[in-house]
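Before any comments, here is the structure.
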Amino acid sequence: MEKDSIQAVLLTESQIAERVEQLGKQISQDYQGNDLVLVGILKGAICFFSDLIRQVEIPVNIDFMAVSSYGSASQTSGVVKILKDLDMPIEGRHVLIVEDIVDTGLTLNYLKTNLLSRNPASLKVVALLDKPDRRQIDIQADYLGFSIPDHFVVGYGIDYAEQYRSLPYVAILDPAAYQSQAKE
Ligand code: 5GP
């Protein structure tokens, strides 16, 4: 069963909700009076995105991008492919990327470079999780939920092989669970 592979709960539902509320308030203050587009990065950011937009107290537009990085889940190559692009133009608008995890930083670096080339008025990032130990490139989220140690995590939208996304908390996956699956 899915839950047998969970080693420990890293962030509970209430810890996440409290932090997301704080982030929403901060973003509302900072972007007051601005034309803000929140760009959710599919699929991992879906829970964070849907909770966050309900804590942002100013009017926003929403849009999504889906990207895949070549390489395994634990070894990103830095080569990113856009699977779904934005529906709306962002030129002259204030854009906030909503990402699940910044790990090596390669995906976020690609996304920022790509979106900056479309001339937004500003471009910032809010990430739920940061794993600074694995960073390969000097890049930071402007708003951050939690900095976490180098564990492979799942839940709250974040998957392993498309499983675990619907867990309401963030959990550490038992390494044996995915090593054994990888060998199959
Ligand atoms: P980066 O390009 O920063 O190395 O990778 C970012 C992406 O890798 C995240 O958006 C996420 O999809 C995936 N990723 C990084 N760390 C983890 C993790 O601990 N668990 C899962 N499931 N995905 C991760």
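Indexing begins at 1, ligand by ligand and atom by atom, following the structure's order.
Ligand-side atoms of ligand 1 in range of T107: 1 (P), 2 (O), 5 (O), 6 (C), range being under 4.0 angstrom from any heavy atom. If you number the atoms of ligand 1 from 1 as listed, the ones under 4.0 Å from a heavy atom of D159 come out as 21 (C), 22 (N). Residue-ligand proximity, K131 to ligand 1, at heavy-atom distances under 4.0 Å covers atoms 16 (N), 17 (C), 18 (C), 19 (O). Atoms of ligand 1 lying under 4.0 Å from at least one heavy atom of H151, given by number and element, are 19 (O). Listed by number with element, the atoms of ligand 1 under 4.0 angstrom from any heavy atom of E99 are 10 (O). Per-residue contacts place D100 under 4.0 angstrom from the following atoms of ligand 1 (heavy atoms of the residue considered): 9 (C), 10 (O), 11 (C), 12 (O). Annotation for ligand 1: atoms under 4.0 Å from non-hydrogen atoms of I158 are 21 (C), 22 (N).
Between the CG atom in L144 and the CG atom in L128 there is a gap of 8.0 Å [rounded to 0.5 Å].
Considering backbone and side-chain N/O atoms, G105 comes within less than 3.5 Å of an N/O atom of ligand 1. Any N or O atom pair closer than 3.5 Å counts here, and V153 shares at least one such pair with ligand 1. For ligand 1, one of its N or O atoms has an N or O atom of T104 under 3.5 Å away.
Residue R135 places no heavy atom under 4.0 Å from ligand 1. Contact between F152 and ligand 1 is present, with at least one heavy atom of the residue lying under 4.0 Å from the ligand.
N34 places no side-chain N or O within donor-acceptor distance of the main-chain N or O of L36, the cut-off being under 3.5 Å. The backbone N or O of I90 lies less than 3.5 Å from no partner atom in the side chain of R118, so there is not a single donor-acceptor pair.
Nearest-heavy-atom check against atom 14 (N) of ligand 1 across N109, I101, L173 picks out I101.
At a heavy-atom cutoff of 4.0 Å, ligand 1 is contacted by both the backbone and the side chain of D103.
Using a cut-off of 4.0 Å between Lys/Arg side-chain N and Asp/Glu carboxylate O, D138 and R135 are scored as not salt-bridged. A salt bridge does not link R93 with D63: none of the charged nitrogens is closer than 4.0 Å to a carboxylate oxygen.
For the residue pair Q26 / D30, a side-chain donor-acceptor distance below 3.5 Å is found, with atom types taken as modelled.
L111 has its side chain within reach of E99: a pair of non-hydrogen atoms, C-beta onward, lies under 4.5 Å apart.
Ring-plane geometry between F64 and F49 is classed as tilted, the angle between the planes lying from 30 to 60 degrees on a 0 to 90 degree scale. Relative ring orientation between Y156 and F48 is described as tilted, the plane-to-plane angle lying within the 30° to 60° band.
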